[in-house]
Each structure stands twice: as C-alpha cells, then as structure tokens.
Amino acid sequence: MFCNQCQEASKGIGCTVFGVCGKSPELTALMDTFIYSLIGVSTLALEVETVSDEIHEFVMEGLFATITNANFEEEEFVTRTLQSLTYREELKEQLVGRELPILKHDIMNFIAKTKEEMIKKALKVAIHQTENEDIRSIRELMLFGVKGLAAYLSHAQKLGYVQPSLYMGMHKMMAALINESLTLEDYVSLTLELGSIGVEGMALLDTANTTTFGHPEISKVNIGVGERPGILITGHDLHDLVQLLEQTKDQGIDIYTHSEMLPAHYYPELKKYDHLKANYGNAWHLQTKEFETFNGPIIFTTNCLVPPRQSATYQDRVFTTGNTGYPGFKVIPVLVDGRKDFSEVIELAKTCEAPKAIEQGEIVGGFAHHQVMTLASEIISAVEKGEIKHFVVMAGCDGRHKERQYYTDFASALPDDSVILTAGCAKYRYNKLNLGTINGIPRVLDAGQCNDSYSLAVIALKLKEAFGLEDINDLPIVYNIAWYEQKAVIVLLALLSLGVKKIHLGPTLPAFLSPNIVDFLVQTFEIGGISSVEEDLVKFFE
Ligand code: FSO
Ligand code: SF4
C-alpha cells in the first residue's frame, strides 16, 4: 500500500504497511481503484450533454467517503466501485458515434467485478503511480483538495444548497488527474482555480448554514454533564444534528456534541433546543478515551472516526451515518423520504447511564463573520488604540502527535495584545486556556468548524476594507495554521487563491509536496513551516 494523504503519514513520507489511521492495505487499494473509477465518471461528465444530479452527488459523496478517518468498510467501496462503473457505461452511451480519444483509455474500459480484481487494479492506477515527481505531487495536492471540496459541497447539498458550476469544477479537477498532456504550469493554474472553487464552495456552505440555522452568535457552551442519559454526536453534519434534536425532544435524554460538532451551539436555530446540553470532550483523536466515559450512544456523521481499541467498551453503542462506516458499527436507517431514523439510538440511550463528567465549566464561541462584524467598531478602535496589535489565525486541525503541544504553547506565549482567530478542531489545543479578553473581546475567537475558516477570510477582507488597505497582506494578521486531513487542503488552497501570503503550516508540511512544489509555494506565497515557539514568536511578528 501507499498513502500519504494526511499529516500523520508514516515517517512523514507515507503509510506503506498499514495506515497510522487504521486503514488496511486492502482498503487503501479499494479506495485507489474507486477514485480511478470516479475520475472516469468525471471525465465523461465533462463530455456528455446531461449529467444527472444522482451522478454529481455520487462522485461528490464518493470523494468524501475516502477522506481520512471517514469510512473503514471494505465492502462499501466494492459496492460503490461497481456502481461507478455502471454510471460510466451509462454516460458512455451518450457518446456513441463520437470519436473521442479518451474513450480508448483504460479508465473508460477496465472491468473489475470482484474485490480481488479491484485490489489488484490499484497497483497500476493509483494517482501516486504518476512517474514524474512534481506532476505526481501536484496531482495529489489537487486530488486531496478536491476531496475536501466534495465534503463541503456535500454538507451544503444536504441543506438544499447546490451550485451546478461547482460540480463541474469538481469534475474538471478530477479529469485533469489523468490528463497526460497537461504541463506542470497547467497544473499550477488548475490548482489555483481549485482554490477559487473552494472559496465558492465554502461560501455556498456558509450561506446554507446561516440561512438554515441563523448566523452564529456569541454563545457560552457548557462542557460539563447533566443527570439524564445522553447521545453524543460527532462529525460535521448539522443536518443530521437537527434531525436528531427534533426526534429526541421530550424524550428524557440530552444531546451532547463532540469535537467538530461543538459549533452547533453557536447557531440560533440549534441552540434553541433546550436538550442540546453541552459539548463533551475534545478533538477527534481523544475519542477512544472519551467515549469510554460517555456511557450513552455515539453517532458519527462524518470523519474523524478512530478505530476502537480491542478493549473498548463502547463498540456496541456506536452508530454511523452518511459517508462514515466501520465494520461492526450499526448504521442509522434512512427513510424513503431521505430523513434519518434515530429511533434505535434513542431507545438505547434511554437504557444508558448519564455521562460521567470529565470537565466542567464553559467555553465561549460563535465568532463567525457576521458576529465579528457586529463588533467591528470595538475591534477597530482597539486596534487604533494599540490594545490589539496582532490577529493570529490558528485555524485548522488537531491530531494525535505530541508535537502538536506546540500550538498550546504558542497560544499561551502570545503577547497579551494579540487575538487568536480560530476554526476547526485545532482550537481544542488552546480554547480552554482562559486567555482572557481585551476590552471585553475574548482573545480566542472561534468561528466554528474547519469549513468556517471561510469566515476568517471574510473577516480579513472586511477588516482590510474597514482599515482602507489595498492588500489583505497589509493587515496585522499572522497565519499559523495546523493541518491534518484533506479538508484542510482545500482550506489552504482557498486562502492562497484569495491572495493570502506568509501562511505557516504545521506541524509538518504535507508529505505529498515534492521539493520543487514546496519551492514554488515558498517563492509565490511565502509559505513556511514552524520551528520552536520561541523562534516563531520572533520570526512571525518581525
Ligand atoms: Fe478535518 Fe481538520 Fe473539520 Fe478537524 S479539516 S481535522 S475533525 O479540523 O475538523 O474536518
Ligand atoms: Fe496513513 Fe494518513 Fe493515509 Fe491513513 S490517511 S493511511 S494515516 S497517510
């Protein structure tokens, strides 16, 4: 096997024996062949007259399912690959009589009917097999970015928000991955185009979320527990959460959020449910410990699922939905009208004990662009008076490696006149540090989930306007971003496409970037890594 798509790739190069995340060589191969089949579908989608929503969504959901820590079910990818090849044949029918060279390509003709055939096929068709190191690197950058894009488009679609041009953008990027006539320069411009599509995708999701659930507002979130049994919901899918909240009303149970579901507490249309009780625990990688003490059922709506330890006691309390899957975990049924049926989870919850407290107190969040802009005059005056000297964007991901302690230390060591802007699960490294306030403005402003990094870009653009600056890079903003998986890749590409420079990316640069591509990113965007807190505090603020 070979996989290098996340920050925890073994030895900073790639997982070759077994995934650090728990992905087996067989699953890796099945995903590679599945991706190859999807590239075929996307390539055809660009050529034919009509592509059904079903096919757009199939590609989008398929990409989402291959994101790190989303789905560990081998059979799922066998089924999806078979479906993908069926769609390929249907699309090809629309091209009968046309002499397109691509129709002779293996991607349009290969057959894989069994799991074994699919696993074998991967040896030749994984994007990682691309010979030229730099083309391989940029193709991987694009593939991983497009996976992140697909995840965000999927969330928007669930709420009824679709922009067909973004589906076509997704197909265009996929088709480029096997196009041998493209030069490195072509790939560079496509990558930046992907970043712009990422901005549009995140803007669409922002509209979907804020129109459906209202604008996030300053909110205090309880991190303790109540006395009633609870259901813990994790992942990013607010559409699943609202259905769960509806179905659990007046049932004598409470709903707790975990990890990236925390920002649900900031939305008026979600926080109005009294039984949306608290946020339990921390970032995704601590789940194997935290799920032990929760006592009640747990629902995974999206990544990040960590395979349970053999000794885990919570396995028969776990449910998956959407693109998540793990052998042995129960799956939430979907009704004919598309709604999810949480009745089994609810009945199970009623038989469970209340969660055991692992923390107490509260945290404050809800600083997405709309809320921050209502505070604009206070913020601008604090900057003008010199009370706020720097904004430090510390958005992104958390992860299990010890080196991520850096982010806690960095946040603690920041001068008192700096404000952290955050989004994503990276915040758990410093959102409970009590870093205080400046003139009533908290020093950690949490915009929301990783996709709400878009909010941080909007805030930066609006501050640029408010301060009458020409360039977003003239703002007193430092970017010290942590990454883990592929959604962070689209966030990074989106920021680059908006012209943001001097982003520091850590804890390590992506393993899939070749030295030449790193050079390009350094030269063009002044991207850099991180070193020690002491050195970085000097370097970033000079
Ligand atoms: Fe992923 Fe990062 Fe959003 Fe985390 S991009 S790892 S679970 O921030 O949250 O999906
Ligand atoms: Fe390794 Fe990350 Fe790939 Fe998992 S997703 S196999 S940890 S590189």
Side-chain angles (χ1 to χ4, degrees), residues 1-32 35 64-72 126-128 140 143-145 147-152 154-155 198 202 205 234-238 257-264 281-287 300-307 323-324 394-401 404 407 422-429 431 446-454 456 481-494 505-508 510-512:
M1 74 174 272
F2 188 88
C3 181
N4 60 359
Q5 69 174 356
C6 82
Q7 190 274 328
E8 294 187 359
S10 181
K11 300 192 176 101
I13 298 170
C15 298
T16 54
V17 181
F18 210 89
V20 171
C21 61
K23 197 160 88 171
S24 69
E26 292 76 18
L27 181 61
T28 307
L30 289 168
M31 285 186 179
D32 285 345
I35 291 285
F64 193 174
T66 66
I67 278 185
T68 301
N69 290 340
N71 202 312
F72 293 83
I127 292 303
H128 190 73
E140 289 179 329
L143 172 61
F144 303 151
K147 287 186 183 192
L149 170 72
Y152 294 148
S154 164
H155 286 304
M202 280 188 269
L205 179 52
T234 189
H236 305 68
D237 200 316
L238 301 177
T257 54
H258 183 259
S259 193
E260 273 285 70
M261 206 54 99
L262 157 67
N282 294 277
W284 62 272
H285 57 101
L286 291 169
Q287 64 187 248
F300 278 101
T301 64
T302 64
N303 62 304
C304 294
L305 189 164
V306 178
N323 283 312
T324 57
M394 290 182 75
C397 318
D398 198 6
R400 58 196 126 200
H401 284 180
R404 288 186 189 253
Y407 292 104
T422 191
C425 54
K427 63 172 139 294
Y428 285 100
R429 290 281 168 178
N431 67 345
D446 178 23
Q449 299 181 334
C450 47
N451 45 294
D452 296 309
S453 304
Y454 166 78
L456 304 183
I481 291 180
W483 82 285
Y484 170 57
E485 44 90 349
Q486 299 81 59
K487 291 185 217 173
V489 176
I490 195 64
V491 172
L492 175 71
L493 294 179
L505 192 62
T508 53
F512 52 83

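In this text, all values refer to a predicted model and were calculated from it rather than measured experimentally. Start at 1 and go down the list; that is how both ligands and their atoms are numbered.
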I'd like to know: is atom 4 (Fe) of ligand 2 within the 2.8 Å range of an N/O/S atom from C21, strictly under that distance? yes
Numbered atoms of ligand 1 (with element) below 4.0 Å of W284, judged on heavy atoms: 7 (S)
Identify, by atom number and element, the atoms of ligand 1 in contact range of G396, meaning under 4.0 Å from any of its heavy atoms. 8 (O)
Any idea which atoms of ligand 1 are less than 4.0 Å away from a heavy-atom of E260? 3 (Fe), 4 (Fe), 7 (S), 9 (O)
Counting only heavy atoms, which portion of N303 has something under 4.0 Å from ligand 1: side chain, backbone, both, or neither? side chain
Ranked by distance from atom 8 (S) of ligand 2, the top protein heavy atom is C3 O, 3.2 Å
Numbered atoms and elements of ligand 1 in range of C450, under 4.0 angstrom, heavy atoms: 3 (Fe), 5 (S), 8 (O), 9 (O), 10 (O)
For A488, the ligand 1 atoms whose distance to one of its heavy atoms is below 4.0 Å: 5 (S)
Taking heavy atoms and a distance under 4.0 Å, where does N4 meet ligand 2: side chain, backbone, both or neither? backbone
So does C425 have any N/O/S atom less than 2.8 Å away from atom 4 (Fe) of ligand 1? yes
Region of Q486 engaging ligand 1 - heavy atom pairs below 4.0 Å: neither
So if I count the atoms of ligand 1 from 1 in the order they appear, which ones are less than 4.0 Å from some heavy atom of C304? 7 (S)
Using the six-membered ring wherever Trp is involved, compare the ring planes of F2 and H128 and label them parallel, tilted or perpendicular (cut-offs 30° and 60°). parallel
Tell me the protein heavy atom at minimum distance from atom 2 (Fe) of ligand 1, and give that distance in Å. C397 SG, 2.2 Å
Of all the atoms in ligand 1, which lie at a distance below 4.0 Å from a heavy atom belonging to K487? 5 (S), 10 (O)
Check whether any side-chain heavy atom of H285 lies under 4.5 Å from a side-chain heavy atom of Y484, and answer yes or no. no
Ligand-side contact atoms (ligand 2) for residue partner C15, heavy atom cut-off under 4.0 Å: 1 (Fe), 6 (S), 7 (S), 8 (S)
If the contact criterion is a heavy-atom separation under 4.0 Å, does E485 count as touching ligand 1? yes
